[in-house]
K.L.:
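Here it is, the structure, as structure tokens.
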Amino acid sequence: MRPFPEPDPGEPALGSPGRYLLWLAAAHRASAVLAVGYGVLCTLPQAFVPAAIGRGVDRGLVAGDRGALVAWCTVVLGLGVVQAVTGTLRDRCSVTNRFGASYRTMQLVTRKAAQLGAELPRRVSAGTVASVGATDITRIGAALESTARGGGAVVSVAVVAGVMLTVSWQLGLVALVGVPLSAAAIAALMRLLHARQQGLRKEQGALADLAVDIVDGLRVLRGIGGERVFADRYRERSQRVRHEGVRVAGVESSVAAGRLLLPGLLVAVIVWLGAHFVGTGRMSPGALVAFYGYAVFLAEQLRRATSMVDQLTRALVAARMVTDLLAMEPGLGSGDRDLDAQGARGPLRDPGSGLEIPPGRFVAVACDRPDDMLLLADRLGRYVDSRATLGGTPLAEFPLAGVRRRILVVDHDARLFSGGLGTQLDPHGPAGGGPDGSADGRTDGGADGRTDERTDRLRRALDTASAHDVVEALPEGLGQEITGGREFSGGQRQRLNLVRALMSDPDTLVLVEPTSALDAHTEARVAERLGAHRRGRSTVVFTTSPILLDRADHVVLVKGGTVVAEGRHGELLADARYRAVVTREVTTA
């Protein structure tokens with residue numbers, strides 16, 4: 001099967017759920033049309049089977065004509081063969097539509113997530129994004145798959161109703177009136193179901209958010225004995241989801257009952273009238289058999305049509321979540337001024353706080369408020385709008401991608417991804433487990449100079465971050481498959497994140513509390529080696545750790561969001577404000 005073409009994220013049809021579903025169908029126009037066409041060709045032979053059987057009864061069995069009986073049996077067989085072939089082709093096209101729609105939606109959601117970048121977690125909860133990927137995309141694909149069977153059902157109902165009118169206008173009229181009334185009654189229930197499903201979807205998203213929070217903070221929760229509190233919160237939220245689910249299930253049960261009851265009543269009415277007409281001589285036995293087959297056929301097709309409506313209803317709820325996500329636009333603009341290597345080595349300054357990072361220096365910043373660390377780091381890395389400048393030029397004038405390449409911000413929420421550990425630490429290195437492609441990360445001299453160089457760089461980064469013991473403890477070393485870093489402790493994750501940051505080797509590296517989870521001895525080793533590793537490059541560390549502050553070339557004290565003192569750690573200890581932040585000394589200054 002050929003690969004799906006890239007979707008256009010700027011397509012205006014992405015604005016509303018209904019238009020989005022139509023856009024997806026148009027994107028798979030060929031397979032969508034073929035699926036509906038095959039659905040019709042599959043259903044119509046099934047619709048003609050009752051007529052053929054009725055003719056066989058009248059002209060073969062009743063008339064005693066063996067040749068006519070064989071002929072009509074052959075017709076029934078032929079209709080069955082056509083139905084089997086077209087049904088197979090219909091299902092192939094339906095599956096193409098399903099996975100094509102799901103894949104395209106996943107493309108768009110992933111691309112939007114990458115486009116929003118660091119803005120995504122600030123604007124959308126992790127649970128919402130997870131629900132879109134796990135549930136909503138599947139429902140959208142299932143809706144497009146259902147159009148083949150549902151479309152064939154709608155056409156076949158119209159054809160059968162027309163045939164019934166030509167044979168007996170009374171029975172045809174019953175079918176023409178009964179089918180729309182049944183559909184209208186079920187549609188009313190569908191609207192109520194739609195509203196209930198939206199409420200359930202919101203509650204499920206909130207529950208997923210809470211689950212993500214619990215998983216992320218499980219280690220801390222156990223440390224402070226807070227499992228019971230979060231368990232009670234999760235239980236309360238899950239009960240709300242259960243309550244909404246019961247409400248949805250009540251409507252769904254009504255819809256299911258309507259699908260069986262209303263078509264069944266219609267069949268009963270048609271059969272009763274048909275039997276009456278046969279008894280009065282107004283209809284032949286074969287016609288009665290045919291009408292019974294029509295009635296059963298109509299009931300089945302009506303269930304298929306309502307099932308399609310149900311799937312589309314669920315898809316509209318899912319598409320609302322998807323389109324809300326796709327409608328988000330990045331809040332940060334991107335300039336067009338060239339950011340070359342020379343310009344990237346200029347002083348980095350935040351006018352709002354007065355913080356200035358000289359080029360090529362190891363600068364530590366101590367803040368009296370923890371929130372100021374993240375805010376200043378975001379300003380320096382241009383993750384928020386600010387007046388920060390690089391070499392005297394506002395960061396807003398540079399392309400955002402260029403700023404990301406030159407200035408790397410690593411906060412304590414930085415995460416590893418799933419995959420080989422060596423690949424996570426050095427994404428630009430050779431493919432495979434270790435930095436040289438070996439399973440354990442050890443090498444006897446790579447295949448080329450570049451491999452040897454990156455291997456040496458990785459080893460040096462591991463040494464600077466004091467992370468060799470983390471790798472050596474793994475059975476396969478750097479080739480170990482990890483699951484997002486959940487198998488590591490907080491301190492181990494911090495050291496591995498530092499290794500990855502050092503391997504990126506940006507012109508300016510901004511670290512937020514990079515050693516907060518390390519013991520004093522390990523922190524001292526990292527502090528001793530970090531400045532030497534980054535010599536010639538700008539390094540900014542937001543911390544209140546005396547160990548790191550003592551090793552920095554320059555220390556800045558930020559109080560109330562503004563720089564109030566600068567110097568070396570030893571010099572600033574004479575300032576009571578600095579001691580209050582670094583040593584937690586109580587002061588009234």
K.L.:
I want to check something: taking the side chain as every heavy atom from C-beta on, are I482 and F488 in contact at a cut-off of under 4.5 Å?
P.N.:
yes
K.L.:
Testing the basics here: between D338 and F398, what is the closest heavy-atom pair and its distance to 0.1 Å?
P.N.:
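Heavy-atom minimum between the residues: O-CE2, 3.6 Å.
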K.L.:
N497 side chain to R493 main-chain N or O, any donor-acceptor pair under 3.5 Å?
P.N.:
yes
K.L.:
Measure the CZ-CZ distance between R534 and F362 for me, rounded to the nearest 0.5 Å.
P.N.:
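Separation between the atoms: 10.0 Å.
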K.L.:
Under 4.0 Å between a Lys/Arg side-chain N and an Asp/Glu carboxylate O for D91 and R98?
P.N.:
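So D91 does not pair with R98 through a salt bridge.
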K.L.:
Whether the side chain of Q115 engages the backbone of R111 through a donor-acceptor N/O pair (distance < 3.5 Å, no angle test) should be reported.
P.N.:
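It does not hold such a pair.
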K.L.:
How far does CG of D411 sit from CG of L511, to the nearest 0.5 angstrom?
P.N.:
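If we round to the nearest 0.5 Å, D411:CG and L511:CG are 10.0 Å apart.
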K.L.:
Residues two or more places apart in sequence or in another chain: which of them pass side-chain hydrogen bond (donor to acceptor under 3.5 Å, both in side chains) with R123?
P.N.:
E119
K.L.:
Side chain of S334, backbone of L400: donor and acceptor closer than 3.5 Å?
P.N.:
yes
K.L.:
Are the side chains of V471 and L421 in touch, meaning some heavy atoms are under 4.5 Å apart?
P.N.:
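Yes - at least one pair of side-chain heavy atoms lies under 4.5 Å apart.
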K.L.:
Going by an N to O cut-off under 4.0 Å, is there a salt bridge joining R320 and D136?
P.N.:
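No, R320 and D136 are not salt-bridged.
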K.L.:
State, with a plain yes or no, whether a side-chain heavy atom of L458 is found less than 4.5 Å away from one of V499.
P.N.:
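When only atoms from C-beta onward are counted, V499 and L458 do touch, with a gap below 4.5 Å.
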K.L.:
Could you walk me through whether L502 and L530 pass side-chain contact (heavy atoms from CB on, under 4.5 Å), step by step?
P.N.:
CA-CA 9 Å; L502 294 174; L530 182 58; 4.0 Å; yes
K.L.:
Between the main-chain N or O of H28 and the side-chain N or O of S31, is there a donor-acceptor pair closer than 3.5 Å?
P.N.:
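Yes: the side chain of S31 pairs with the backbone of H28.
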K.L.:
For S94 and Y38, test the side chains for any donor-to-acceptor distance below 3.5 angstrom and give the result as yes or no.
P.N.:
no
K.L.:
List in chain and number order the residues that pass side-chain hydrogen bond (donor to acceptor under 3.5 Å, both in side chains) with T464, two or more places apart in sequence or in another chain; answer none if no residue qualifies.
P.N.:
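T464 satisfies side-chain hydrogen bond (donor to acceptor under 3.5 Å, both in side chains) with H533 only.
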K.L.:
State whether the side chain of T147 and the backbone N or O of A143 hold a donor-acceptor pair below 3.5 Å, judged by distance alone.
P.N.:
no
K.L.:
With salt bridge (charged side-chain N to carboxylate O under 4.0 Å, His left out) as the test, pick out the partner of D505 among R454, R406, R537.
P.N.:
R537
K.L.:
Step by step, would you call L557 with V563 a side-chain contact (heavy atoms from CB on, under 4.5 Å)?
P.N.:
CA-CA 6 Å; L557 173 63; V563 174; over 6 Å; no
K.L.:
Could you tell me whether a side-chain N or O of R457 sits under 3.5 Å from a main-chain N or O of M503, the two making a donor and an acceptor?
P.N.:
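Yes, the answer is positive, given that a donor and an acceptor are paired below the 3.5 Å cut-off.
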K.L.:
Check whether K112 reaches the backbone of L325 with its side chain - one donor and one acceptor, N or O, closer than 3.5 Å.
P.N.:
no
K.L.:
So, does Q480 use its side chain to make a donor-acceptor pair with the main chain of G420 at under 3.5 Å?
P.N.:
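A pair under 3.5 Å: no.
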K.L.:
Output all residues satisfying side-chain hydrogen bond (donor to acceptor under 3.5 Å, both in side chains) with S516, sequence neighbours left out; order by chain, then residue number.
P.N.:
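Testing S516 for side-chain hydrogen bond (donor to acceptor under 3.5 Å, both in side chains), a comparison that skips the adjacent residues, returns Q494.
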K.L.:
Under 4.5 Å between any side-chain heavy atoms of Y20 and I140, yes or no?
P.N.:
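Yes; the side chains approach each other to less than 4.5 Å.
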K.L.:
With R337, which residues qualify under side-chain hydrogen bond (donor to acceptor under 3.5 Å, both in side chains), at least two apart?
P.N.:
E397
K.L.:
Roughly how far apart are E476 CD and L478 CG, rounded to 0.5 Å?
P.N.:
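So the gap between those two atoms works out to 11.0 Å.
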K.L.:
For the pair T543 (side chain) and S545 (backbone), establish whether a donor and an acceptor sit closer than 3.5 Å, ignoring hydrogens and angles.
P.N.:
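Yes, because the side chain of T543 sits within donor-acceptor range (under 3.5 Å) of the backbone of S545.
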K.L.:
Using 0.5 Å steps for rounding, measure from the CG atom of L548 to the CZ atom of F542.
P.N.:
13.0 Å
K.L.:
Sequence neighbours excluded, which residues qualify as side chain to side chain contact (heavy atoms under 4.5 Å, CB included) partners of P351?
P.N.:
R349, R387
K.L.:
Looking only at heavy atoms, which two atoms of G141 and A101 are closest? And how far apart?
P.N.:
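Reported closest heavy-atom pair: CA-CB, 4.2 Å.
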K.L.:
Over all heavy atoms of both residues, which pair between A465 and V526 is shortest? Give the atoms and the distance, please.
P.N.:
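Answer, listing the atom of A465 first, then V526: O-CG2, 3.8 Å.
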K.L.:
Do you know the tightest heavy-atom contact between V403 and L395?
P.N.:
CG2-O, 4.1 Å
K.L.:
Do Q492 and R495 have side-chain atoms, one donor and one acceptor, less than 3.5 Å apart?
P.N.:
no
K.L.:
Show me, pair by pair, the donor-acceptor contacts under 3.5 angstrom made by side chains of residues 370-382, not counting sequence neighbours?
P.N.:
{"residue": "D372", "atom": "OD1", "partner": "R369", "partner atom": "NH2", "Å": "3.3"}
{"residue": "D372", "atom": "OD2", "partner": "R369", "partner atom": "NE", "Å": "2.9"}
{"residue": "D372", "atom": "OD2", "partner": "R369", "partner atom": "NH2", "Å": "3.1"}
{"residue": "D372", "atom": "OD2", "partner": "G561", "partner atom": "N", "Å": "3.4"}
{"residue": "D378", "atom": "OD1", "partner": "R122", "partner atom": "NH2", "Å": "3.4"}
{"residue": "D378", "atom": "OD2", "partner": "R122", "partner atom": "NH2", "Å": "2.8"}
{"residue": "R379", "atom": "NH1", "partner": "D350", "partner atom": "OD2", "Å": "3.1"}
{"residue": "R382", "atom": "NH1", "partner": "G333", "partner atom": "O", "Å": "2.7"}
{"residue": "R382", "atom": "NH2", "partner": "G333", "partner atom": "O", "Å": "3.1"}

K.L.:
Of the non-hydrogen atoms in A305 and A153, which two are nearest, and what is the gap between them?
P.N.:
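Closest pair (atom of A305, atom of A153, distance): N-CB, 4.2 Å.
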K.L.:
Is any side-chain heavy atom of V363 less than 4.5 Å from a side-chain heavy atom of V541?
P.N.:
no
K.L.:
About how many Å separate CD1 of I407 and CG of L509, when rounded to the nearest 0.5 Å?
P.N.:
11.0 Å
K.L.:
Walk me through it: do L408 and T508 pass the test side-chain contact (heavy atoms from CB on, under 4.5 Å)?
P.N.:
CA-CA 6 Å; L408 176 63; T508 301; over 6 Å; no
K.L.:
Under the 3.5 angstrom rule, does the side chain of D507 hit a backbone N or O of S538 as a donor-acceptor pair?
P.N.:
no
K.L.:
Could you give me the CA-CA distance, side-chain angles and deciding distance for T544 and E513, then say whether side-chain contact (heavy atoms from CB on, under 4.5 Å) is met?
P.N.:
CA-CA 8 Å; T544 56; E513 293 283 16; 4.0 Å; yes
K.L.:
Which heavy-atom pair separates V322 from T105 by the least distance, and what is that distance?
P.N.:
CG1-CG2, 3.8 Å
K.L.:
Walk me through whether Q311 and R314 qualify under side chain to side chain donor-acceptor pair (under 3.5 Å).
P.N.:
CA-CA 5 Å; Q311 294 285 0; R314 294 172 183 268; 5.3 Å; no
K.L.:
How far does NZ of K559 sit from OG of S353, to the nearest 0.5 angstrom?
P.N.:
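Taking NZ in K559 and OG in S353, the distance rounds to 15.5 Å.
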K.L.:
Say whether T515 and E523, considering side chains only, have a donor N or O and an acceptor N or O under 3.5 Å apart.
P.N.:
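The criterion, which ignores hydrogens and geometry beyond distance, is satisfied for E523 and T515.
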